[in-house]
Protein chains: 2
Amino acid sequence: MGRTMPDSAIRPRKEFGKTIAADITHRLREEIIACALPPGEPLRFDVLRERFGASFTTLREALTALAAEGLVDAQEQRGFRVAPVSRQDLVEVTDARVLIEMELIRRSIARGDDDWEIAVISTLHRLKRIEQRDPEHPLRDPEWKIAHRQFHQSLVSACGSATLLAIRAELFDRAERYRHLSANFRPRPRDKAGEHQAIMQAAISRNADLAVQLIEAHIRSTSDNVAKYAGHLLDNE
Amino acid sequence: MGRTMPDSAIRPRKEFGKTIAADITHRLREEIIACALPPGEPLRFDVLRERFGASFTTLREALTALAAEGLVDAQEQRGFRVAPVSRQDLVEVTDARVLIEMELIRRSIARGDDDWEIAVISTLHRLKRIEQRDPEHPLRDPEWKIAHRQFHQSLVSACGSATLLAIRAELFDRAERYRHLSANFRPRPRDKAGEHQAIMQAAISRNADLAVQLIEAHIRSTSDNVAKYAGHLLDNE
DNA sequence: AACGATATGATTTTCGAAAATATGGTCTGG
DNA sequence: CCAGACCATATTTTCGAAAATCATATCGTT
């Protein structure tokens, strides 16, 4: 019975995916989103090899995948770097999110069943409980980040299009990086709790027009906050 | 003077990108879109190695990139295969294209300058000339494919969002694969020339509502044609 | 001094062998 | 005859060395 897992001590880390490459893709993505690897930072193989304990080609595979997601910038024959940030890119990501998220909310409200309603309510509940516990710096709390992501995910989860959900997820990641960028300079988090509550209620009561309007305001005000408090990081490039 | 390129005979092929991996990504993408590699086909490394003359890890990098684009399906520890096709996927791709392409046409019409108008007119002109030359099986003609792609690209090129243009390009590729799928069974190409002409005129005359309406009909009728003539290939899976 | 060519060192990119994992067939006990 | 363990083979995945390419400093010529 204890025979099938003799190597858990030998194999170092594969917390996420089954392959090392998928695992490193995941870990690199998290670090880039959290700005632990700052925008524009060159990603040299020597450094990465030591940091992640993987070989050249495995790292290369991970970086290639992240380049396709827009989190890494691949410069042929001259290596990779963390994708740079800019006002233009922030505007584009925000615009694209508004376009897609509004459509997906609308579809979810039209198609969502009981399970969808339960998911929306329960993910918001968890988010609020975490916020009560530590209302200070939510983005620093990994649990808050996950709960926040899952609440927004649940809102659109009944839209019926895996294709659009995948696109939405990429844009969400790119936007979250900008939020992290401004988190260190933002004086105090604004009242997101109330906004989330209002969005949930509009969704559950099947008021699509209101929900769409609230989501757009939510996304745009977040983006405006980033531009306001992290503007000095966006000017160059 | 002739000293800087002594190895053009040694190095076998790098027609597209500067790196072999980028080149193979490009070639694999073309073959998958053209259904030379049919949907669901397992992509085994032995075969690919012989076909493309590259090593395991280089191929792996290319496949990973294509998996992020949705053209390849990565099954961890069990290799890669060409992304399968299905009615559901066709519907999702079509819906997503309609949503995004309509928005981008609108923005392009609002923002496009003289150069944009010239690009739209000239790409349509080239497309029509190619169609006159050989009106039979346009999808079999690489030149027609390129011209067709460039015409549709030019229509949205002034939208101002590289982010949305990249998403649009991926969806276009995925849709084109379905068109190839049905090309062998379609009795005769319908009157696309007239549709393209009408779209161009609506765009140039800045009639956004009409252009959007025509584009939606264009995309949806193409998709309907695929479902009609390649439906027997979509049922399983 | 300015410029271009060239050598040197740093870094990326590619390769094929080796390790890890899955697949398929065979055998055994029920 | 079936279910499940076990082995042998096929395939994927990972690694580090080697080749290719880029960046920088040095040198010679005008």
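Because only heavy atoms are used, hydrogens play no part in the values below, and waters and symmetry mates are left out as well, while side chains stay in. Below, chains carry the letters A, B, ... as their sequence lines are ordered, and counting in each starts from 1.
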Measure the distance from [atom1] on [X] to [atom2] on [N] and round it to the nearest whole Å.
X	N	atom1	atom2	value
B/R81	D/dT11	CZ	P	17 Å
B/D46	D/dT13	CG	C1'	13 Å
B/D23	D/dT21	CG	P	13 Å
A/E50	D/dC15	CD	C1'	17 Å
A/I24	D/dT13	CD1	C1'	12 Å
A/E61	C/dT12	CD	P	18 Å
B/L63	D/dT13	CG	C1'	13 Å
A/L48	C/dT13	CG	P	12 Å

Value rounded to 0.5 Å, distance of [atom1] in [X] from [atom2] in [Y]:
X	Y	atom1	atom2	result
B/S55	B/E61	OG	CD	9.5 Å
B/T19	A/R60	OG1	CZ	6.5 Å
A/L139	A/R186	CG	CZ	6.0 Å

OP1 or OP2 of [N] less than 4.0 angstrom from a side-chain nitrogen or oxygen of [X], does that happen here?
X	N	answer
A/T57	C/dC15	no
B/T19	C/dT12	no
A/R49	D/dC15	no

* In terms of the nearest nucleotide of DNA chain D, which residue is placed more toward the 5' end: A/S55 or B/G79? ->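 With A/S55 and B/G79 compared, the 5'-side residue is B/G79.
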* Asked: Have A/S154 and A/T123 got a donor and an acceptor in their side chains that come within less than 3.5 Å?
  ->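 On atom types as modelled, these side chains qualify, holding a pair under 3.5 Å.
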Identify each atom pair where a protein N or O and an N or O of nucleotides 22-24 of chain D are less than 3.5 Å apart, giving names and distance.
unit_1, atom_1, unit_2, atom_2, d
D/dA23, OP1, A/R78, NE, 3.3
D/dA23, OP1, A/R78, NH1, 2.8

* Asked: Below 4.0 angstrom, N of the basic side chain to O of the carboxylate: do B/D173 and B/R168 qualify?
  ->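 Not counted as a salt bridge, because no side-chain N and carboxylate O are separated by less than 4.0 Å.
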* To do: May I ask you to say whether A/E103 pairs ionically with A/R107, meaning some side-chain N is under 4.0 Å from a carboxylate O?
  =>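 Yes, charged N to carboxylate O under 4.0 Å.
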* How is B/F56 classified with respect to the nucleic acid when contacts are heavy atoms under 4.0 Å: base, sugar-phosphate, or nothing? ->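 Counting heavy atoms under 4.0 Å across all strands, the contact made by B/F56 includes a base.
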* Have a look at A/R44 and say if it touches a base, only the backbone sugar-phosphate, or nothing, with a 4.0 Å heavy-atom cut-off. =>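 The residue A/R44 makes sugar-phosphate contact but no base contact.
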* Asked: salt bridge (Lys or Arg N to Asp or Glu O under 4.0 Å) between B/R133 and B/D141: does it pass, once the steps are laid out?
  -> CA-CA 11 Å; B/R133 194 184 61 197; B/D141 184 349; 3.1 Å; yes
* Could you please name the option among C/dT14, D/dT14, D/dG16 that lies closest to any side-chain atom of B/I20? =>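 Ranking C/dT14, D/dT14, D/dG16 by closest atom to the B/I20 side chain puts C/dT14 first.
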* Out of C/dT14, D/dG16, C/dC15, whichever nucleotide has its closest atom nearest the side chain of A/R60 ->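 Comparing C/dT14, D/dG16, C/dC15 against the side chain of A/R60, the answer is C/dT14.
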